[in-house]
Protein chains: 2
Amino acid sequence: MTRLTRRQREIFNFLRDNHHSFTRPPSLDELCRALGMASRGSLYRQIMALIAAGLVEPFTCHKHGGIRLTGQAQGPDAIGEQGLPFIGKIAAGKPIEALENVNYMAVPDVLKTDKSCYVLQVKGDSMIEAGIFDGDWVVIEQRDYASNGEIVVALIENSEATLKYIEQTPGQILLLPANAGMTALSYCPEQVEIQGVLVGQMRSYRSHHPL
Amino acid sequence: MTRLTRRQREIFNFLRDNHHSFTRPPSLDELCRALGMASRGSLYRQIMALIAAGLVEPFTCHKHGGIRLTGQAQGPDAIGEQGLPFIGKIAAGKPIEALENVNYMAVPDVLKTDKSCYVLQVKGDSMIEAGIFDGDWVVIEQRDYASNGEIVVALIENSEATLKYIEQTPGQILLLPANAGMTALSYCPEQVEIQGVLVGQMRSYRSHHPL
DNA sequence: TCCCCTTGTTCTCATTTTGTTCTTATTTTG
DNA sequence: CAAAATAAGAACAAAATGAGAACAAGGGGA
């Protein structure tokens with residue numbers, strides 16, 4: 001593979017950085033305009049050089065193909081994020097039930113933060129009045145502190161985990177369920193370890209009505 | 001499978017982003033108007049290409065056909081975007097408030113189906129007892145029928161859209177809110193058009209400031 | 001029943017777009 | 001200065017596209 005000329009590198013960089021802003025795949029005319037060139041034929045020759053270098057897919061369909069980067073050329077931007085790790089299930093009164101194989105869920109950006117997040121599945125109805133139902137998934141930001149009123153994953157006495165509203169006063173931590181049938185629990189700070197804070201919640205209605 | 005032509009991709013994207021705003025599966029004539037085309041025959045040829053590519057379901061019954069996307073159509077394919085289109089907001093009593101720029105949200109597989117899906121944001125509290133709050137996002141499978149007990153996006157009198165439980169009996173359709181302060185509404189089948197069925201729901205707890 | 005309208009379907013024809021090639025002039029580079 | 005790189009622009013063929021006519025099947029209404 002012959003070495004790229006300066007202009008070829010320049011055009012390739014432009015392609016790599018801007019290919020998403022064109023009506024996919026861009027045509028030669030379109031790129032000419034974007035690059036400020038007036039001649040389609042000239043651009044064509046440059047593109048052919050990139051094809052020879054293996055950076056751009058050849059025009060397969062002969063006509064109206066458009067310009068596509070080759071797999072080897074795509075930057076890290078093309079590699080989709082793999083999502084958040086789905087860790088296990090959380091049920092009030094038990095330790096978090098970890099999965100043997102962690103797998104990853106795609107999660108919309110609005111449901112997570114820029115901090116470290118993970119996903120748990122909720123077991124039980126202790127937060128039902130907060131709109132968090134049995135079987136829902138929750139996105140948790142990993143953190144060891146919380147503000148009053150936030151919903152937290154708390155580890156009690158190093159043994160049981162739970163998802164509850166938190167209210168902290170000096171010397172006392174209240175963990176409040178959102179379920180009229182359940183009672184709040186009071187602990188001293190040493191008994192409770194905050195493991196994370198709720199930042200997102202998801203529910204599937206699919207299983208209710210299989211095809 | 002041959003590669004899509006530029007215009008074919010353009011038309012497909014239009015379909016993918018706007019299928020929610022048509023009465024049922026749109027007919028060729030309807031799409032022509034929406035796309036600014038004058039010839040049904042020309043559009044037909046393009047759609048056939050999309051069918052050949054597996055992106056659109058073939059016209060099944062010769063009549064009453066209409067254009068539907070296949071499940072594969074929203075795969076990471078879509079050539080570029082991944083995730084589901086975020087279409088707009090739905091508030092009981094109003095038409096769906098469409099966004100000018102459709103954008104895409106990564107959505108976990110469990111919250112969607114292999115059919116054509118899209119995302120709406122809920123405005124209002126009519127489904128609050130079903131755990132769907134103001135500001136939540138819902139994943140909707142595009143479909144023009146539903147089973148009793150499902151939560152549907154229904155278009156009433158061709159003007160207002162709403163998200164409600166549905167109960168269908170011969171000659172009557174009930175749309176039930178999940179809010180003790182609201183009353184169920186009864187319609188004849190001709191007044192109600194089902195546009196989709198709820199398959200997933202999402203909520204963000206991040207401090208309520210948009211981007 | 002008949003009539004009219006809509007729907008998908010098929011074809012033809014003219015126009016536009018796109019890749020492709022070549023010649024020529026200009027700029028860059030060693 | 002000479003060679004290479006680059007750009008402009010003309011010209012061309014094939015592909016893509018759109019318009020429009022025409023047709024058959026079905027639905028709905030009078």
Side-chain angles (χ1 to χ4, degrees), chain A residues 1-15 18-19 22-70, chain B residues 1-15 19 22-70 79 144 158 171 188-191 193:
Chain A
M1 138 173 134
T2 59
R3 187 162 173 73
L4 292 191
T5 69
R6 170 184 321 186
R7 182 60 168 150
Q8 283 156 13
R9 167 115 286 156
E10 206 174 309
I11 291 178
F12 170 69
N13 286 341
F14 180 87
L15 246 41
N18 298 85
H19 66 88
F22 289 101
T23 73
R24 267 167 293 270
S27 69
L28 288 176
D29 273 1
E30 217 172 343
L31 281 182
C32 273
R33 252 171 286 133
L35 283 161
M37 295 176 65
S39 166
R40 204 185 338 160
S42 304
L43 214 211
Y44 176 78
R45 183 154 42 89
Q46 305 287 37
I47 298 284
M48 287 313 274
L50 294 182
I51 290 176
L55 293 174
V56 166
E57 284 188 17
F59 299 104
T60 44
C61 77
H62 196 235
K63 303 291 174 184
H64 282 211
I67 284 116
R68 291 163 187 275
L69 297 185
T70 213
Chain B
M1 143 172 135
T2 59
R3 215 154 54 180
L4 289 192
T5 246
R6 151 107 52 121
R7 184 89 234 261
Q8 284 156 12
R9 167 126 275 119
E10 209 174 304
I11 291 177
F12 169 69
N13 286 341
F14 180 88
L15 247 40
H19 61 77
F22 290 101
T23 73
R24 320 286 192 179
S27 69
L28 288 176
D29 274 359
E30 217 171 341
L31 278 182
C32 273
R33 252 170 287 132
L35 283 161
M37 294 176 65
S39 166
R40 204 185 339 160
S42 302
L43 214 211
Y44 177 78
R45 189 175 354 124
Q46 306 286 40
I47 298 286
M48 287 312 275
L50 295 183
I51 292 177
L55 294 174
V56 166
E57 285 186 15
F59 299 104
T60 45
C61 63
H62 191 65
K63 304 299 165 186
H64 275 184
I67 284 116
R68 298 160 188 272
L69 298 184
T70 66
I79 311 304
D144 58 8
N158 259 306
C188 16
E190 302 79 40
Q191 294 176 288
E193 178 187 324

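All figures in this text were calculated on a predicted structure; none of them were measured in a lab. Sequence lines set the chain letters: A, B, ... in the order given, protein chains first and strands last, and positions in each chain run from 1.
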Do B:Gln46 side-chain atoms and B:Leu43 backbone N/O form a donor-acceptor pair below 3.5 Å?
-> no

B:Leu15 vs B:Leu31 side-chain heavy atoms within contact, under 4.5 Å | yes

How long is the line joining CZ of B:Arg7 and P of C:dT18, in whole Å?
-> 12 Å

Please report, rounded to the nearest Å, how far the C1' atom of C:dT6 is from the CG atom of B:Leu43.
-> 16 Å

Mind checking whether B:Glu10 and B:Asn13 have side chains closer than 4.5 Å, heavy atoms only?
-> no

Could you please name the option among D:dG18, D:dA7, C:dG8 that lies closest to any side-chain atom of A:Met37?
-> D:dA7

Nearest-neighbour nucleotide for the B:Arg45 side chain, C:dG8, C:dT20, D:dG18 considered | D:dG18

Please confirm whether any donor atom in the side chain of A:Ser39 sits under 3.5 Å from an acceptor in the base of D:dA7, or the reverse.
-> no

Which of D:dT6, C:dG19, D:dA19 is nearest the side chain of A:Gln46? It is D:dT6

Check the distance between C:dG8's C1' and B:Leu31's CG and give it to me in whole angstrom.
-> 13 Å

Can you check whether A:Thr5 has a side-chain N or O nearer than 4.0 Å to OP1 or OP2 of D:dT6?
-> yes

In whole angstroms, how far is the P atom of D:dT17 from the CG atom of B:Leu4?
-> 10 Å

D:dA16 P sits how many Å from B:Ile11 CD1, rounded?
-> 13 Å

Pairwise 5' ranking along DNA chain C for B:Asp29 and A:Ser42, keeping only the more 5' one | B:Asp29

In plain terms, say whether B:Glu30 and B:Arg40 are close enough for a salt bridge, that is, a side-chain N and a carboxylate O under 4.0 Å apart.
-> no

Any side-chain N or O of B:Ser27 less than 4.0 Å from the OP1 or OP2 oxygen of C:dT6?
-> no

Has the side chain of B:Arg40 got a donor or acceptor atom sitting under 3.5 Å from an opposite partner on the base of C:dG8?
-> yes

Choosing from D:dA11, D:dA19, D:dT6, which nucleotide comes nearest the side chain of A:Gln8?
-> D:dT6

A:Tyr44 side-chain proximity, nearest of D:dT17, C:dT7, C:dG19 = C:dG19

Is A:Asp29 close to A:Arg33 at the side-chain level, that is, under 4.5 Å between some pair of heavy atoms?
-> yes

C:dT18 phosphate, OP1 or OP2: any side-chain N/O from B:Arg6 under 4.0 angstrom?
-> yes

